[in-house]
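Computed from a prediction, not measured in an experiment: that's the story for all the values here. Chain letters run A, B, ... following the sequence lines, proteins first and then strands; every chain starts at 1.
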Amino acid sequence: DAKTTQPNSMESNEEEPVHLPCNHSTISGTDYIHWYRQLPSQGPEYVIHGLTSNVNNRMASLAIAEDRKSSTLILHRATLRDAAVYYCIRFDTGTASKLTFGTGTRLQVTL
Amino acid sequence: EAQVTQNPRYLITVTGKKLTVTCSQNMNHEYMSWYRQDPGLGLRQIYYSMNVEVTDKGDVPEGYKVSRKEKRNFPLILESPSPNQTSLYFCASSPLGGGVYNEQFFGPGTRLTVL
């Protein structure tokens, strides 16, 4: 049970912003939301994480809904190098050591 | 360079022949973990370790063993491999907290084929 729901695939044009949605309707108050991505033939790579408020880092922004039942990863200007599978993960602090990946969203970026 | 290394990167073996996949990290991380990745199933956690001499089962531990005698190393042992263990394996490490409050760093992967 991945506990999150994401679209299987999305497409974007290069230089355009990308909004990757994630539904986690059964989230509890102490669960963190993490995003990882996996480029072709590589291991997963951390992108960003948050609990309640929106978060920004050099790679992306994370917008968390007020009721925390959904979140959106925002890539402000997609590049070809951002083509990857993006995983939204609900990290339960109660079972903190178990990181459960779903099947993710495959992002295609075109010129 | 801070990294997680795995060896071997590719391995073809036969059913029943014991094998070990090594994992090492140079970041002094307390937490280490093993995952397997299969088409359509995403990544699934096999075992994890919160610190030296502390290991616990993930979601799919059957057929695997691990040990954590030193902080930097976390080998994955398949005592009697079977074809259903053919998969892509990733090792990961994280500072204290098991990745809840910190990012996990993943190795490059080991592609295992059991004939």
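Shown here are the salt bridge (charged side-chain N to carboxylate O under 4.0 Å, His left out) partners of Arg37(A), two or more places apart in sequence or in another chain: Glu45(A), Asp82(A).
Within the 4.5 Å cutoff, no side-chain heavy atoms of Tyr36(A) are placed close to those of Leu43(B).
Just one residue in the list Phe90(B), Tyr35(B), Phe105(B) forms a side chain to side chain contact (heavy atoms under 4.5 Å, CB included) with Pro44(A), and that residue is Phe90(B).
The environment of CG in Leu39(A) is crowded: more than 12 heavy-atom neighbours from other residues, nucleotides or ligands sit within 6.0 Å.
Residues Ile27(A) and Tyr87(A) fall into different hydrophobic clusters, defined by Ile, Leu, Val, Met, Phe, Trp and Tyr side chains chained together at heavy-atom separations under 4.5 Å. Under the 4.5 Å side-chain heavy-atom criterion for ILVMFWY residues, a single connected hydrophobic cluster contains both Met59(A) and Leu107(A).
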Review point. Can you list the steps and then say if Gln37(B) with Gln38(A) is a side-chain contact (heavy atoms from CB on, under 4.5 Å)?
Key: CA-CA 12 Å; Gln37(B) 185 172 33; Gln38(A) 188 172 19; 2.8 Å; yes
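Minimum heavy-atom separation, Thr103(A) to Leu41(B): CG2-C, 4.4 Å.
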